[in-house]
Amino acid sequence: MPELPEVETVCRDLRTGGVIGEKIIDVLVLWEKSIADLHPDQFRAGLVNNTIISVTRRGKYIHLVLHTGTSLLIHLRMTGSLTLRDIHQTNDLHDRVIIQFTNYNLVFHDPRKFGRMILTNNPELWLDALGPEPLHDDFTAAVLYERLHHRKARLKTLLLDQKFIAGIGNIYADETLFLAKIHPCRTGESLSKEEAFALHRAIQHTLRSAITNRGTSLGTGDGNFTSKGEAGQHGRQLQVFRRTQTPCYICQTPIEKIIINQRSTHFCPHCQK
DNA sequence: AGTGGCCCCTGGCGGC
DNA sequence: TGCCGCCAGGGGCCAC
């Protein structure tokens, strides 16, 4: 599942891969729902002959800005990936959209078809709805405490809420709460200032560490998320996610799995209070 | 404000 | 071996 670290890795790879300055020659839409509500002709017309001038990330969105000022927002959701592929390489069954440059293609590949590409002149409609960027300087521990202390929802729910904080998904929510030694069912308002500060440190450490490892690639079904088609190396660092009934690395207590808001949640019942 | 249910999808996997 | 049915899960939407 691409979360902030995986999306950040994709953006960095697109930049170093030379996408900036590239002119779009043609666009193939192989699955119409992947481009939201736009007709494929409009989508294509908005992109062809355009040049990409920047690649940035906001939450889990990849934001490509074109020289006309139009934005292409890409959300990978569950199984999406963006890869640069040699122009002579054949298409894959699960390719959904192919943006063609002179010498290579930018391929949106998405087996489960949840991902979306949004061509818009108003990207702020999507991006401004998001909560703070967890790795920005203005997201301080005090800011997190301020956002938490009046919330009655459980922490797992809040961490997954993109309006509360942007970019965290199921893997890093569980890992963050383990690192902070806080139980996922605790409510926002129940946290002391010290606990909120510990959670802030855990969020930033978990995300930074995962970015360093180029993200997490889970073994089966979920594919790779780096734009070079490689597996991210963070999987071996996971402390609780998908470790149900195996011993906690700290105290040997079996990791428990519960469901919170339809999401599987993994934690150590001894370490996390 | 918070929660639960359902939907979108399909590969993978457990059960028989 | 082969088939069936369930599950995962980000996020939108709706009901309560």
Side-chain angles (χ1 to χ4, degrees), chain A residues 1-10 29-38 57-63 73-82 92-97 108-118 120 123 125-131 133-134 146-177 184-191 207 210 215-225 231-232 235 238 240-245 255 257-267:
Chain A
M1 298 119 267
E3 305 180 25
L4 187 154
E6 292 75 24
V7 176
E8 179 64 29
T9 299
V10 170
V29 177
L30 304 172
W31 180 256
E32 292 192 15
K33 287 188 182 176
S34 293
I35 56 170
D37 296 325
L38 217 54
R57 179 193 59 73
R58 174 80 171 94
K60 300 178 196 171
Y61 285 95
I62 298 160
H63 185 188
L73 293 175
I74 303 161
H75 199 302
L76 302 174
R77 293 282 181 95
M78 295 282 303
T79 56
S81 65
L82 266 190
D92 182 273
L93 174 64
H94 302 303
D95 292 346
R96 305 304 178 196
V97 179
F108 179 60
H109 179 269
D110 187 21
R112 290 186 203 177
K113 301 177 175 174
F114 284 148
R116 290 292 179 268
M117 289 184 136
I118 301 160
T120 177
L125 252 44
W126 287 266
L127 304 184
D128 287 356
L130 298 172
E133 272 303 312
E146 184 58 33
R147 293 177 71 79
L148 275 175
H149 85 276
H150 60 101
R151 297 295 298 264
K152 297 182 192 302
R154 291 168 289 191
L155 287 171
K156 177 60 185 276
T157 306
L158 291 171
L159 289 177
L160 290 180
D161 181 354
Q162 301 301 299
K163 294 188 287 301
F164 181 78
I165 184 169
I168 297 175
N170 216 28
I171 296 175
Y172 299 114
D174 286 1
E175 293 298 309
T176 288
L177 288 167
C185 290
R186 292 275 300 281
T187 62
E189 65 174 5
S190 78
L191 289 205
L207 295 177
T216 303
S217 296
L218 298 173
T220 56
D222 300 307
N224 300 312
F225 304 120
L238 298 180
V240 289
F241 190 76
R242 292 199 182 164
R243 293 198 61 241
T244 312
Q245 291 308 316
I255 299 302
K257 175 181 163 181
I258 58 174
I259 304 294
I260 299 177
N261 293 88
Q262 278 78 255
R263 294 286 179 266
S264 62
T265 300
H266 314 75
F267 68 101

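Because only heavy atoms are used, hydrogens play no part in the values below, and waters and symmetry mates are left out as well, while side chains stay in.
In this structure, D161(A) atom CG and dG2(B) atom P are separated by 9 Å, rounded to whole Å. Distance CD1 (I260(A)) to C1' (dA8(C)): 17 Å, rounded to an integer number of Å. Rounding to whole angstrom units, CG of residue N261(A) and C1' of dC16(C) are separated by 15 Å. If you take CE of M117(A) and C1' of dG10(C), they are 17 Å apart, rounded to a whole angstrom. Straight-line distance from the CG atom of D110(A) to the P atom of dG10(C): 14 Å, rounded to whole Å. K163(A) places its NZ atom 10 Å from the P atom of dG11(C), with the value rounded to the nearest Å. Rounded to whole angstrom, the span from the CD atom of E6(A) across to the P atom of dG9(C) amounts to 13 Å. Rounded to whole Å, the distance from CG on L76(A) to P on dG9(C) is 17 Å.
Residue Q162(A) has no polar side-chain atom (N or O) positioned under 4.0 Å from OP1 or OP2 of dG10(C). At dG10(C), none of the side-chain N or O atoms of H75(A) fall inside 4.0 Å of OP1 or OP2 (strictly under the cut-off). Proximity of S264(A) to the phosphate of dG9(C): a side-chain N or O atom is located under 4.0 Å from OP1 or OP2.
Judged by distance alone, the side chain of R147(A) and the main-chain N or O of F164(A) form a donor-acceptor pair under 3.5 Å. Under a 3.5 Å cut-off, the side chain of R116(A) and the backbone N or O of K33(A) do form a donor-acceptor pair.
Nearest heavy atoms, H266(A) versus V240(A): CB-O, 3.3 Å. In this structure, L160(A) and R263(A) approach most closely via the heavy-atom pair CD1-CG, 3.7 Å.
The side chain of R242(A) has dA8(C) as its nearest neighbour among dG2(B), dA8(C), dG10(C). Among the nucleotides dG10(C), dT3(B), dT10(B), the one closest to the side chain of H94(A) is dT10(B).
Residue contacts shown for K156(A) are absent, as no nucleic acid heavy atom lies under 4.0 Å away.
Heavy atoms from other residues, nucleotides or ligands lying under 6.0 Å from CD of E32(A) number 12 at most.
When only modelled atom types and interatomic distance are considered, Q162(A) and Y61(A) share no side-chain donor-acceptor pair under 3.5 Å.
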Short N/O separations, protein against nucleotides 5-9 of chain B, under 3.5 angstrom:
{"from": "dG5(B)", "atom 1": "N7", "to": "Q262(A)", "atom 2": "NE2", "distance (Å)": "2.9"}
{"from": "dC9(B)", "atom 1": "OP1", "to": "K33(A)", "atom 2": "NZ", "distance (Å)": "2.7"}
{"from": "dC9(B)", "atom 1": "OP2", "to": "K33(A)", "atom 2": "NZ", "distance (Å)": "3.4"}

Can you check side chain to side chain contact (heavy atoms under 4.5 Å, CB included) on T79(A) and F114(A), steps first, answer last? CA-CA 7 Å; T79(A) 56; F114(A) 284 148; 5.8 Å; no
